[in-house]
Amino acid sequence: MNKTFIIAEAGVNHNADLNMANKLIEVAVSAGVDAIKFQTAIPELVVTSYAQKAEYQKQTSGAKESQLE
């Protein structure tokens, strides 16, 4: 029987903070995952300056600027 390879998804939840990224890695390791995936993006290629933030984004970073900002 083959073992399932488990990948934790960190996405952009590290907020460009290396300490936060390291904490996410520590939590993933303690959960027993085999790998962790981080992602980066070029916002100007995927978000318009007219896009409003999602509610959770407004709660954590304010509602005045657009999603792109």
Side-chain angles (χ1 to χ4, degrees):
M1 184 175 206
N2 294 330
K3 180 181 180 267
T4 300
F5 192 84
I6 300 173
I7 304 170
E9 171 68 57
V12 296
N13 296 331
H14 50 77
N15 299 327
D17 180 328
L18 186 57
N19 289 326
M20 175 64 76
N22 284 326
K23 287 179 185 177
L24 291 170
I25 292 168
E26 290 171 9
V27 170
V29 168
S30 69
V33 303
D34 298 299
I36 184 167
K37 176 186 168 268
F38 289 90
Q39 73 184 45
T40 60
I42 301 170
E44 293 81 6
L45 297 178
V46 295
V47 178
T48 174
S49 60
Y50 300 106
Q52 294 184 0
K53 289 182 177 180
E55 285 304 315
Y56 76 91
Q57 292 172 316
K58 291 176 184 177
Q59 292 173 7
T60 59
S61 64
K64 292 184 179 183
E65 65 273 342
S66 71
Q67 193 175 74
L68 179 60
E69 292 170 308

Sequence neighbours excluded, the answer for side-chain contact (heavy atoms from CB on, under 4.5 Å) partners of Q52 is K58
Gap between atom CG of D17 and atom NZ of K23 - 0.5 Å precision: 8.0 Å
Gap between atom CD1 of I25 and atom CG of L18 - 0.5 Å precision: 8.0 Å
Report, one line per pair, each donor and acceptor closer than 3.5 Å where one atom sits in a side chain of residues 27-37; sequence neighbours left out.
unit_1: S30; atom_1: OG; unit_2: E26; atom_2: O; d: 3.4
unit_1: S30; atom_1: OG; unit_2: V27; atom_2: O; d: 2.8
unit_1: D34; atom_1: OD1; unit_2: K3; atom_2: NZ; d: 2.8
unit_1: D34; atom_1: OD2; unit_2: K3; atom_2: NZ; d: 3.1
unit_1: D34; atom_1: OD2; unit_2: I6; atom_2: N; d: 2.8
unit_1: K37; atom_1: NZ; unit_2: E9; atom_2: OE1; d: 3.1
unit_1: K37; atom_1: NZ; unit_2: Q39; atom_2: OE1; d: 3.3

Treat each ILVMFWY residue as a node, draw an edge where side-chain heavy atoms are under 4.5 Å apart, and state whether F38 and I7 are in one component. no
Non-neighbouring partners of Y56 that pass side-chain contact (heavy atoms from CB on, under 4.5 Å), sequence neighbours left out: A54
